[in-house]
Q: 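Below is the structure I would like to discuss, written out as structure tokens.
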2 protein chains.
Amino acid sequence: MVEDVVKSLGFLAMGTRMKRIGERLQADTQVLLEAMELPVGAGQCPLLAAIDMLGPLTIGELAEALGITQPAITRSVNQLADLGYLAVKPAEDDQRRRIVHLTEQGRRLVERAKAEIWPRIEAAVRDLCGGLSGPFLEQLAAVEGGLAARSLKQRSDMLKGQEP
Amino acid sequence: MVEDVVKSLGFLAMGTRMKRIGERLQADTQVLLEAMELPVGAGQCPLLAAIDMLGPLTIGELAEALGITQPAITRSVNQLADLGYLAVKPAEDDQRRRIVHLTEQGRRLVERAKAEIWPRIEAAVRDLCGGLSGPFLEQLAAVEGGLAARSLKQRSDMLKGQEP
DNA sequence: TTGTGTTATATAACGTGTTATGTAAATTCA
DNA sequence: TGAATTTACATAACACGTTATATAACACAA
């Protein structure tokens with residue numbers, strides 16, 4: 001039985017630890033999706049949800065909405081388009097922009113996920129977080145906001161200035 | 001300006017969100033390490049710290065201590081061994097086991113990191129989390145413990161049983 | 001109108017996790 | 001004791017992020 005070093009390192013390995021928890025949550029979510037026979041992976045659901053929520057979006061807008069890079073979006077979009085859930089059309093006002101739409105098949109998939117599947121996942125995660133103070137999502141928002149306001153580098157430089 | 005969909009999805013995309021924050025923290029940490037000229041990346045620090053804290057460890061023990069898979073450890077260990085910071089020797093009592101040691105060079109690197117670098121990173125992350133209730137690390141521990149006790153699948157199955 | 005700088009996205013390469021598989025060593029069981 | 005099973009790790013393949021770069025389209029200034 002070995003000690004959990006990432007946990008023991010506290011703030012020093014907090015990024016690694018959050019990533020690890022996130023990956024575990026995604027893996028658990030994937031198990032549920034497979035049990036409920038949703039034919040797209042856990043990692044692709046936010047992308048479908050974004051288009052459902054906000055309507056057709058460009059590659060760049062999707063990257064912004066999901067907080068990942070454009071090449072990652074390009075790849076996911078192409079995968080989902082190959083499966084028939086998304087269609088990509090050039091924008092009318094700017095040939096560079098590509099607008100990503102849900103297909104009829106994609107719309108049906110999202111409707112089913114919203115009706116039967118995503119609420120189940122949300123409930124399980126809520127159950128997991130039930131006893132946490134904060135609540136937990138607000139704390140995540142605070143960390144995100146804190147990072148956006150000032151990077152770790154900026155914080156370190158400032159704290160260094162305060163040393164005796 | 002596009003809405004942050006991952007944030008808006010709340011519990012549904014909590015895993016994705018935590019992963020995203022973790023990656024941001026790791027990227028920020030990497031910037032600091034480069035500024036301070038530590039010649040190993042942010043992702044390799046917990047591995048070095050584990051051996052420093054617990055003494056020489058097998059590949060499997062390292063995987064357990066860090067919560068990642070054995071092939072990932074094998075790769076990182078080989079990378080650090082190539083750089084001269086780690087040495088790998090077969091165990092005396094079991095030919096299958098490989099024990100990972102810090103070299104003299106590795107020891108010096110860790111001593112410098114512990115003296116000058118890791119505390120700076122820890123302080124910056126602490127500063128980031130300063131206003132959070134909980135505190136935040138305890139909440140992460142609660143999530144980890146909750147997942148270990150019951151998976152999302154188990155929770156979903158139980159909640160399903162409660163439906164009218 | 002032409003030249004320059006910026007923007008949007010595809011593509012390539014890389015890094016770092018995972019699962020699956022193979023091999024050797026150790027352990028267990030009949 | 002020998003066969004079957006399990007364990008430890010290397011290796012291969014894959015998934016999914018990132019950065020860097022190329023190309024085309026667009027915007028703007030002279």
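Residue numbering restarts at 1 for every chain, and letters A, B, ... go by the order of the sequence lines. Note that the coordinates shown come from a computational prediction; the quantities given were computed from them, not determined experimentally.
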Q: According to a strict under-4.0 Å criterion, is B:Thr69 in side-chain N/O contact with OP1 or OP2 of C:dT18?
A: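 For C:dT18, OP1 or OP2 has a side-chain N or O of B:Thr69 closer than 4.0 Å.
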Q: Report the distance from atom NZ of A:Lys19 to atom C1' of D:dC16, rounded to the nearest whole Å.
A: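 Taking atom C1' of D:dC16 as the reference, NZ of A:Lys19 is at 10 Å.
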Q: Counting only heavy atoms not in B:Glu104, do more than 12 fall under 6.0 Å of its CD?
A: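 It does: B:Glu104 CD has more than 12 such atoms within range.
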Q: Between N or O atoms, less than 3.5 Å apart, protein on one side and nucleotides 8-12 of chain D on the other: list the pairs.
A:
from   : atom 1 : to      : atom 2 : distance (Å)
D:dA8  : OP1    : B:Arg97 : NH2    : 2.8
D:dC9  : OP1    : B:Ile59 : N      : 3.3
D:dC9  : OP1    : B:Arg98 : N      : 3.3
D:dC9  : OP2    : B:Gly60 : N      : 2.7
D:dA10 : OP1    : B:Arg98 : NE     : 2.6
D:dA10 : OP2    : B:Thr74 : OG1    : 2.4
D:dA10 : N7     : B:Gln70 : NE2    : 2.6
D:dA10 : N6     : B:Gln70 : OE1    : 3.4

Q: Measure from CG on B:Leu66 to C1' on C:dT18 and round the result to the nearest Å.
A: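 To the nearest whole Å, that distance equals 16 Å.
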Q: In whole Å, what is the span from the CE atom of B:Met18 to the P atom of D:dG17?
A: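 For the pair B:Met18 CE and D:dG17 P, the rounded distance is 17 Å.
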Q: Rounding to an integer number of Å, can you tell me how far A:Ile73 CD1 sits from C:dT11 C1'?
A: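 Computing the A:Ile73:CD1 to C:dT11:C1' distance gives 16 Å.
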Q: Measure the distance from CD on B:Gln30 to P on C:dC14 and round it to the nearest whole Å.
A: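 In whole Å, C:dC14 P and B:Gln30 CD are 18 Å from each other.
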Q: Round to a whole Å and report the spacing from CD of A:Glu23 to C1' of C:dT19.
A: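 Answer to the nearest Å: 14 Å.
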Q: For the residue pair B:Glu34 and B:Gln30, confirm or rule out a side-chain donor-acceptor distance under 3.5 Å.
A: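 Yes, a side-chain donor-acceptor pair sits under 3.5 Å.
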Q: Let me know the distance between CD1 of A:Ile68 and P of D:dT18, rounded to the nearest Å.
A: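 After rounding, the gap between these two atoms is 6 Å.
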Q: When you match A:Gly67 and A:Asp93 each to their closest nucleotide on DNA chain D, which lands nearer the 5' end?
A: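 The answer here is A:Gly67.
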Q: Salt-bridge test for A:Arg97 and A:Asp94: reply yes if a basic N is under 4.0 Å from a carboxylate O, no otherwise.
A: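 Answer for the salt bridge query: yes.
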Q: Whole angstrom is fine here: how far is it from CD in B:Gln44 over to P in C:dG17?
A: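 That distance rounds to 8 Å.
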Q: When you check the gap from the basic side-chain N to the acidic O, do B:Glu144 and A:Arg20 get nearer than 4.0 Å?
A: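 Yes, this pair counts.
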Q: For a 4.5 angstrom cut-off between non-hydrogen side-chain atoms, does A:Leu33 reach A:Val40?
A: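 In short, these two side chains do not touch, never coming nearer than 4.5 Å.
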Q: B:Thr74 and side chain to side chain contact (heavy atoms under 4.5 Å, CB included): which single residue from B:Thr69, B:Leu62, B:Ile59 fits?
A: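 With B:Thr74 as partner, side chain to side chain contact (heavy atoms under 4.5 Å, CB included) holds for just one option, B:Ile59.
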